[in-house]
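Working notes, structure below.
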Amino acid sequence: MVNKNVIVPEVYAELVNEKVAGNVIVSQACKILGDLKGKVGETLNMPKWAYIGDAKDIVPGTPMEVTSMKQTSTTATIRMIAPPAIAVNDYDDVTELGDALNTASKQHAISISRKYDLDAIAEGRKTVLQYKLATKDTVTFDEMNAILGLYGDDCNASDFAFIAIHSKFVPSFLKMDGFVDATKTFTSEGSGIQLNNILGYFRGIAVVVSDRLYDTVNQEGFILAIKKDSIGLIPKETPFTEVDRDASTRTNTIYTSQYYAMALINDAGIVLAQTILPTIG
């Protein structure tokens, strides 16, 4: 028989936290900026650092130029999210309870992960770097090169987290010799075989698939090329879990929530591509 002390909130919260890390897709590109301090609804600043400029020739013996690190900031609102609570009844035996808790923590983790991804995508869509595709839900090899071309010479594959695409673009990538043709020097073996949401590599940059990259207003998928450290994330260390015991029905209801703040912190780190682009005001 199960009593109300079987479900330990702290242990359950850690289970959820571990599973969140394994289920996020787009938000895994976020840079963690510490542990959250503050209350829901409050705003906080996330730093943006400007480049100091290229080195210059100087005459030996002359003073070197001195400059200060230039920092701007962006604000982010602390938000609270919560998946639906899950009820577990004492009717389950010990073995079934263990499976129920594992499944419940996985469901809560997936729910939180998808919200993380939606928020990261929403921040990514605030980028000023945009490319207009010619055809809805379709991208060509030349268009992909043009998307990366917006970075100029600052387009090293190692600087990117990944290129995120809606699944509607998968057929386009499978048609690209520059993506699947193993005889090309810039293609990777196995591109076109999706594993763990990674479809393959375009010019050395991972291509991940998520159907949360969808514009519901214009009804089309879109693409986000995301450099590392472009989106900042400040979460609570672990989700918060509380168990409500209903003795009348011998049911434990597990409530889980998470606090965090997220914001675009590199204005030149993300390119958005679709046929109808948002207006950045």
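Positions are given from 1 along the sequence.
Remark: the Q274 side chain and the R125 side chain contain an N/O donor-acceptor pair separated by less than 3.5 Å. For the 3.5 Å distance criterion, the side chains of Y116 and Q258 qualify, holding a donor opposite an acceptor. There is no side-chain donor-acceptor pair under 3.5 Å between R114 and N23. When only modelled atom types and interatomic distance are considered, Y151 and D159 share no side-chain donor-acceptor pair under 3.5 Å. A donor-acceptor pair shorter than 3.5 Å cannot be found between the side chains of T253 and D244. Inspection of the N218 and D215 side chains reveals an N or O donor paired with an N or O acceptor under 3.5 Å. Looking only at atom types and distance, the side chain of T241 has no donor-acceptor partner in the side chain of E10 under 3.5 Å away.
Nearest heavy-atom pair, V26 versus S210, reported as atom, atom and distance to 0.1 Å: CG2-CB, 4.2 Å. Closest approach of R203 to A157, counting heavy atoms only: O-CB, 3.7 Å. Closest approach of F162 to A29, counting heavy atoms only: CZ-CB, 3.6 Å. Residues S172 and D137 come closest through the heavy atom pair OG-O, 4.2 Å. Closest heavy-atom contact between F179 and F173: CD2-O, 3.3 Å. When all heavy atoms of E123 and A263 are compared, the closest pair comes out as OE1-CA, 3.3 Å.
V16 and L118 fall into different hydrophobic clusters, where Ile, Leu, Val, Met, Phe, Trp and Tyr side chains are chained together by heavy-atom contacts under 4.5 Å. When hydrophobic clusters are built by joining Ile, Leu, Val, Met, Phe, Trp and Tyr residues whose side-chain heavy atoms come closer than 4.5 Å, directly or via intermediates, L150 is grouped together with I205. Hydrophobic clustering, with ILVMFWY side chains joined whenever heavy atoms are under 4.5 angstrom apart, groups L277 together with L264. The hydrophobic cluster containing V40 also contains L33, counting ILVMFWY residues as joined when their side-chain heavy atoms lie under 4.5 angstrom apart, directly or transitively. L213 and V217 fall into different hydrophobic clusters, where Ile, Leu, Val, Met, Phe, Trp and Tyr side chains are chained together by heavy-atom contacts under 4.5 Å.
Taking CD1 of I121 as the start and CD1 of I231 as the end, the distance is 8.5 Å to the nearest 0.5 Å. Atom NE2 of residue H166 and atom OH of residue Y214 lie 6.5 Å apart, to the nearest 0.5 angstrom. Here the CG-CG distance, from L199 to L174, works out to 6.0 Å after rounding to the nearest 0.5 Å. Between the OG atom in S27 and the CG atom in L233 there is a gap of 7.5 Å [rounded to 0.5 Å]. Rounded to the nearest 0.5 angstrom, I165 CD1 and N197 CG are separated by 10.5 Å. Atom CD1 in I78 sits 8.0 Å away from atom CD1 in I234 (nearest 0.5 Å).
Without hydrogens or angle criteria, S113 side chain to S111 main chain gives no donor-acceptor distance under 3.5 Å. Of the possible donor and acceptor atoms, none in the side chain of T103 sits under 3.5 Å from a partner among the backbone N and O of A100. Between the Q28 side chain and the I25 main chain, a donor and an acceptor come within less than 3.5 Å of each other. For K228 (side chain) and A161 (main-chain N/O), no donor-acceptor pair under 3.5 Å exists by modelled atom type. Here the side chain of E242 pairs no donor or acceptor atom with the backbone of T256 at under 3.5 angstrom. Using a distance-only test at 3.5 Å, with no hydrogens or angles considered, no donor-acceptor pair links the side chain of D117 to the main chain of V24. A donor-acceptor pair under 3.5 Å is formed between the side chain of T140 and the backbone N or O of E143. In this structure, Y259 contributes its side chain and P239 its backbone to no donor-acceptor pair below 3.5 Å.
Contact check for I270 versus N266: no side-chain heavy atoms found under the 4.5 Å cut-off. Between P235 and D35, every side-chain heavy-atom pair lies at or beyond the 4.5 Å cut-off. By the 4.5 Å heavy-atom criterion applied to side chains, M176 and M144 are counted as neighbours. Side-chain contact between I265 and S230 is absent, with no heavy-atom pair separated by less than 4.5 Å. By the 4.5 Å heavy-atom criterion applied to side chains, V271 and T127 are not counted as neighbours. Considering only heavy atoms from C-beta on, I86 stays 4.5 Å or farther from Y255 through its side chain. The side-chain heavy atoms of F141 and K175, taken from C-beta on, include no pair separated by under 4.5 Å. When side chains are defined from C-beta on, V139 counts as touching I223, because their heavy atoms get closer than 4.5 Å.
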Step by step, work out the side-chain contact (heavy atoms from CB on, under 4.5 Å) result for F222 and T275.
CA-CA 8 Å; F222 54 86; T275 62; over 6 Å; no
Evaluate T251 against N89 for side chain to side chain donor-acceptor pair (under 3.5 Å), listing each step before the verdict.
CA-CA 4 Å; T251 301; N89 192 271; 2.8 Å; yes
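Residues that satisfy the side-chain hydrogen bond (donor to acceptor under 3.5 Å, both in side chains) test with S248, not counting sequence neighbours, are D246.
By the 6.0 Å contact criterion, CD on Q107 is open, its count of non-hydrogen atoms from other residues, nucleotides or ligands being 12 or less. Environment of NZ in K106: sparse, with no more than 12 heavy atoms of neighbouring residues, nucleotides or ligands closer than 6.0 Å. Within 6.0 Å of the NZ atom in K136, the count of heavy atoms belonging to other residues, nucleotides or ligands exceeds 12.
Salt-bridge annotation for D267 and K126: absent, with no side-chain N of the basic residue lying under 4.0 Å from a carboxylate O of the acidic one. Using a 4.0 Å cut-off between charged side-chain N and carboxylate O, K168 and D211 make no salt bridge.
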